[in-house]
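Handing you a structure now.
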Amino acid sequence: MDQSKTKGYKKIKQWLKANGRKPFKFQEDAWQHYLNGYSGLVNAPTGFGKTFSLFLAVAIEALNASETSNKKAKDRLQLIWITPLRSLAKDIARAMRETLLELELDWHVGVRNGDTSQAEKVQQKKSMPEILLITPESLHLLLAQKGSSTLFKNLKCIVADEWHELLGSKRGVLVELAVSRIKGLQKLEKNQFLRVWGISATIGNIDEALDVLEPNEAEKRIIIKADLEKKIIIKSILPDDIETLPWAGHLGLKLAYKLLPIIEKSKTTLIFINTRGQSEMWYQHLLNIEPELAGRIAIHHGSIDFELRNWIEDALHTGQLKAVIATSSLDLGVDFKPVDTVVQVGSPKGVARFLQRAGRSGHSPHETSKIYFLPTHALELVEAAAIKEAAKTNNIESREPFIMVFDTLIQYLVTLAIGDGFDDKVIYQEVKNTHAFKLILPEEWAWVMQFITSGGDSLSAYNEFKKVTKDEDGLWKVKSRQLAMRHRLHIGTIVSDAMLKVKFISGGYIGMVEEYFVTRLKAGDNFRLAGRVLEFVQVKDMTVVVRVSKQKNAISPSWNGGRLPLSSNLGSVLRKKYNEALDKTHQDEELDVVYPLFLLQEKRSHVPRNDELLIELINNKEGFHLFAYPFEGRLVHEVLAALVAYRLSKLLPISFSIAMNDYGFELLSDIEIPMDESIAYEVFSPKNLTEDITLSINSTEMARRKFRDIACISGLVFQGYPGKYVANKHLQSSAGLFFNVFSDYDKHNLLLRQAYDEVFYQQLEEPRLAAALERIQNGAIIITNPKSFTPLSFPIKVDSLRENMSSEELEQRIARMKAESEKVR
DNA sequence: GACCTGCTGCGGGATG
């Protein structure tokens, strides 16, 4: 049915017209489909009003129904808007409130998350706002409330904003489960209005993204793709001479001076750096080469105090700050806080991340986004060319949804049990209808139920694991109030490392550092955080107390963050660009600049073709090196190196030390490594892959480490109260205890199985590894014997040296390598 | 010809 003749629809169009705006076609598409009862997914570039496509659809519906809507205060809730970030909720709420005012629609917009005050929560309990902006965690907390099952009676729509961010994580599973429950509750009330919509940036598996959000194919579902091109210009910051760019390295300070004019001529600049520690170094370096920037630039990353970060975001927004150096902490929030210019320092490792960052500039529909790329080593210029091509052909990474995560399921069931309780037959069906658990077997469900009611086979002797019991009304509930409170504190799937807050003696928080970093400090030592040099005084009440230091130089804490491996999309385009660089079949200025390096690589060894695997055998004083370059990212290379080492050692007793980077890996041995074409095909074979991986790496140890998160999420381990401190060691050891008990007495424990699955599929990326080996089998293997290190092998060598050496020793070693290299020349 | 690596995100309320 055409909805454009309805009262509300006309009003919205008039209102837009009065503001000099015309809806995009995709927005009207979304309104029409929403009003006709569809669920779906909206996919459009940033800056085109994705938010308004759905928010206004719900508003139209409300305007159409305005006379009849006279609901009891309790039944007000119409729209749940899920955002992955608290800060986004604030910005979206503001925009919605302004719009509602202008539309004269008397609706309230509420925000519900960890920042919401107790008073406000009580108020919401009495009377929900019509629109509620909420995080996945807080939505589960809502389900954990007594009396929550009536809240969703008149709910019309659930929107998962930035759905691509949640999709590839257990937080996405939280959304799936909450949606399944709310649908079930509406079925009970026989009031089924609910439509489920996602808003997503472009990802490789957009169809699957919809399947996860609305798995029922019988529903009316649609994907609305905006037929709009966002123009993006990618400009590499090129060295005047390739020789100024190092062969190896990740910091990139050598080209920093080229950034100054860019910062100067832009009103606001966002500089993305890959790591927290490096962002501190860049900040210091920019101030050193341009003291005028003092007070006009700032750092923003995950270990800087929340308040300070808020201030920085606002100051950039208002133009008080000229530039901010940031990690992925500023990836999101594109639609509300655009900047003039964006710079990416070093490899972004993936196409999607790079484009998302680019989108923060030139944000309105007809502007062009511009992003500068500053390479930190020579080969990164090839990455720049590869990203340009991937962006042009829309070769964007997928986000793999999680399935069969029993820790999250266990948490969810206890959540329901501390709320209004649950009927296991009903919930089983609901859970089985989600994407995450559609493969769950009746016996697995029975195991989960047994686990939350009795603690399972191995924990049945302990009362604290008998969490859930059947009530007189036939529903499963948690009786203990203390247990319920502890559980509420633990809702969510993010498990953090032990961090200590950093605070001035005089008061005022600066940020966080890791526990282990502090253990190495003694009183009087200096370190750098949030761009300031701080003198360590003491640790008191689990807070690091510091004062301002007069020293200029200090160490930067390194935080043990996640690793960002090269995505396989980028890897494959990268291999292609290697050929074009040597053949000069390209139009990339970046490749022109690195051309001399490719010539040298070809002269000393070989530039691998698209369908080739290059193996370099180099023999020097250090020993016998084998380098191989699959371009699959360092996580895959880590496993691949162990696998090849294991298979070689079956041919002849030999041991290796292993090193890798995003492009390839190295095996180093004292004795000559047996290698020819037939051996190469054999050791890079996908045959017996799973068994050989298991034998070549210590999967038990890896699973044990994964189990820490699983133990926390499933509620086996209590992480302590917020603000109170539980030592990391304690957490690891008690999770380890459970791991041992389950391994010894409860082999069929599903949480144990999940730990191994997570190791194989997420950490080792077995499917990607298998695909890489398949590709290698079908291509050629080229073996060369260079006389010295090549442009490809050198960076791996430097990285491997760095791991075991101080920087001074490293300096000497590099000087020696350089000298030896020159002799050959 | 060549050095300083490792991201982000969340989080109590029932009862007197």
Side-chain angles (χ1 to χ4, degrees), chain A residues 83-88 113-116 118 121-122 125 134-142 144-147 162 165-166 169-171 174 241-254 272-281 301-303 326-332 346-349 353 376-378 418-419 481-482 484-496 555-556 558-565 596-597 600 634 661 719 721-723 789 791 794-795 797-799 801-803 805-819 821-822 825:
Chain A
T83 63
L85 263 78
R86 288 176 302 200
S87 57
L88 277 180
N113 56 39
D115 296 337
T116 309
Q118 185 58 33
K121 285 181 195 162
V122 171
K125 193 153 196 219
I134 198 165
T135 57
E137 289 79 6
S138 286
L139 185 52
H140 275 243
L141 281 165
L142 223 50
Q145 248 179 27
K146 298 269 186 249
E162 307 277 3
E165 285 292 327
L166 294 171
S169 77
K170 290 181 187 173
R171 298 183 80 199
L174 289 180
D241 181 356
I242 183 70
E243 306 192 350
T244 49
L245 256 190
W247 283 19
H250 307 276
L251 197 51
L253 294 179
K254 285 218 167 125
F272 284 106
I273 311 267
N274 279 343
T275 72
R276 286 168 282 189
Q278 287 183 338
S279 69
E280 300 272 347
M281 291 185 230
H301 62 62
S303 294
T327 58
S328 350
S329 54
L330 280 181
D331 272 354
L332 289 177
S347 165
K349 314 275 186 181
R353 182 179 298 107
T376 62
H377 61 79
I418 64 177
R481 275 179 54 191
Q482 196 206 350
M485 191 175 81
R486 269 170 63 145
H487 181 80
R488 282 197 190 91
L489 283 168
H490 274 69
I491 285 182
T493 56
I494 299 167
V495 183
S496 315
I555 47 171
S556 282
S558 76
W559 292 269
N560 201 357
R563 293 173 165 177
L564 300 165
L597 210 62
L600 186 69
R634 55 173 301 147
N661 67 8
Q719 286 176 81
Y721 294 92
F789 293 125
F794 186 82
K797 197 63 239 166
V798 171
D799 273 4
L801 292 176
R802 190 176 298 133
E803 304 227 322
M805 274 183 216
S806 72
S807 54
E808 268 160 291
E809 286 171 310
L810 182 63
E811 212 168 337
Q812 286 165 13
R813 276 297 287 279
I814 287 169
R816 211 165 65 226
M817 277 159 73
K818 181 175 150 187
S821 200
E822 269 164 11
R825 208 166 156 214

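Note on naming: letters A, B, ... go to the chains in the order of the sequence lines (proteins, then strands), and numbering restarts at 1 for each one.
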Roughly how many Å is it from CG in A/N113 to P in B/dG12, rounded to a whole number?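 Taking atom P of B/dG12 as the reference, CG of A/N113 is at 9 Å.
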A/S138 backbone acceptor or donor facing A/N113 side chain under 3.5 Å: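 Side chain of A/N113 to backbone of A/S138, a donor-acceptor pair under 3.5 Å: no, none is there.
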Is the glycosidic angle of B/dG12 within 90° of 0, making it syn, or outside that range, making it anti?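 What B/dG12 shows is a syn base, its glycosidic angle lying within 90° of 0.
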Any idea which of B/dG6, B/dG1, B/dG9 is nearest the A/R634 side chain?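 Of the options given, the side chain of A/R634 lies nearest B/dG6.
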Scan A/K170 against the nucleic acid and name what it touches under 4.0 Å (heavy atoms): base, sugar-phosphate only, or nothing.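 No contact.
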What is the separation between atom NZ on A/K121 and atom P on B/dA14, rounded to the nearest whole Å?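 In whole Å, B/dA14 P and A/K121 NZ are 11 Å from each other.
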Closest listed nucleotide, where the reference is the side chain of A/T327 and the choices are B/dA14, B/dT8, B/dC10: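 Closest nucleotide among those given: B/dT8.
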Side chain proximity check, A/N274 to A/K349, heavy atoms < 4.5 angstrom: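 Yes. Closest side-chain heavy atoms under 4.5 Å.
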Using the side-chain heavy atoms of A/R276, tell me which of these nucleotides is nearest: B/dG6, B/dA14, B/dT8.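 Looking only at heavy atoms from C-beta outward on A/R276, the closest nucleotide is B/dT8.
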What integer distance in Å separates A/N661:CG from B/dA2:P?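 Atom-to-atom, A/N661 to B/dA2, this comes out as 19 Å.
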With a non-hydrogen cut-off below 4.0 angstrom, is A/L251 in contact with a base, only sugar-phosphate, or nothing?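 Since only primed, P, OP1 and OP2 atoms lie under 4.0 Å of A/L251, the category is sugar-phosphate.
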A/T135 side chain near B/dG11 phosphate (N/O to OP1/OP2, under 4.0 Å):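 Affirmative; the distance criterion is met.
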Taking the nucleotide of DNA chain B with the nearest heavy atom to each, does A/E137 or A/N274 sit closer to the 5' end?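 That would be A/N274.
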Nearest whole Å is fine: how far is B/dG11 P from A/L174 CG?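 These atoms are roughly 11 Å apart.
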Phosphate OP1/OP2 of B/dT15: any A/R481 side-chain N/O under 4.0 Å: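 No.
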Heavy atoms only, 4.0 Å cut-off, all strands: where does A/Q118 land among base, sugar-phosphate and nothing?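 Contact class for A/Q118: base.
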Mind calculating the distance between CH2 (A/W247) and C1' (B/dC3) to the nearest angstrom?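 Spelled out: CH2 on A/W247 to C1' on B/dC3 is 14 Å.
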Please classify the nucleic acid contact of A/L141 as base, sugar-phosphate, or nothing, using heavy-atom distances under 4.0 Å.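 Counting heavy atoms under 4.0 Å across all strands, the contact made by A/L141 is with sugar-phosphate only.
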NA contact type, A/T493, heavy-atom cut-off 4.0 Å: base, sugar-phosphate, or nothing?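 Touches nothing.
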To the nearest Å, how far apart are A/I494 CD1 and B/dT8 P?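 Spelled out: CD1 on A/I494 to P on B/dT8 is 12 Å.
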Could you pull out all residues at least two apart from A/K121 that satisfy salt bridge (Lys or Arg N to Asp or Glu O under 4.0 Å)?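 Expected list: none.
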Is there a side-chain contact (heavy atoms from CB on, under 4.5 Å) between A/V122 and A/K125? Walk through the geometry before answering. CA-CA 5 Å; A/V122 171; A/K125 193 153 196 219; 5.6 Å; no
On the nucleotide B/dT8, are OP1 or OP2 found under 4.0 Å from the side-chain N or O atoms that A/S328 carries?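 No, outside the criterion.
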Which whole-number value in Å describes the distance from A/L88 CG to B/dT8 C1'?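 Computing the A/L88:CG to B/dT8:C1' distance gives 13 Å.
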For A/H301, answer base if it contacts any base atom (sugar-phosphate contacts may also be present), sugar-phosphate if it contacts only those atoms, and nothing otherwise; contact means non-hydrogen atoms under 4.0 Å.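 The answer is sugar-phosphate, as A/H301 gets under 4.0 Å only of primed atoms, P, OP1 or OP2.
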d(CZ, A/R488; C1', B/dG11) in whole Å: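 After rounding, the gap between these two atoms is 13 Å.
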If you define the side chain from C-beta out and look only at heavy atoms, does anything of A/L85 sit under 4.5 Å from A/E162?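 Counting from C-beta outward, A/L85 and A/E162 never come under 4.5 Å.
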Out of B/dC10, B/dA2, B/dG1, whichever nucleotide has its closest atom nearest the side chain of A/F794: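 Nearest to the side-chain atoms of A/F794, counting from C-beta on, is B/dA2.
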I'd like to know if the side chain of A/R171 and the backbone of A/P84 have a donor-acceptor N/O pair within less than 3.5 Å.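 Yes, because the side chain of A/R171 sits within donor-acceptor range (under 3.5 Å) of the backbone of A/P84.
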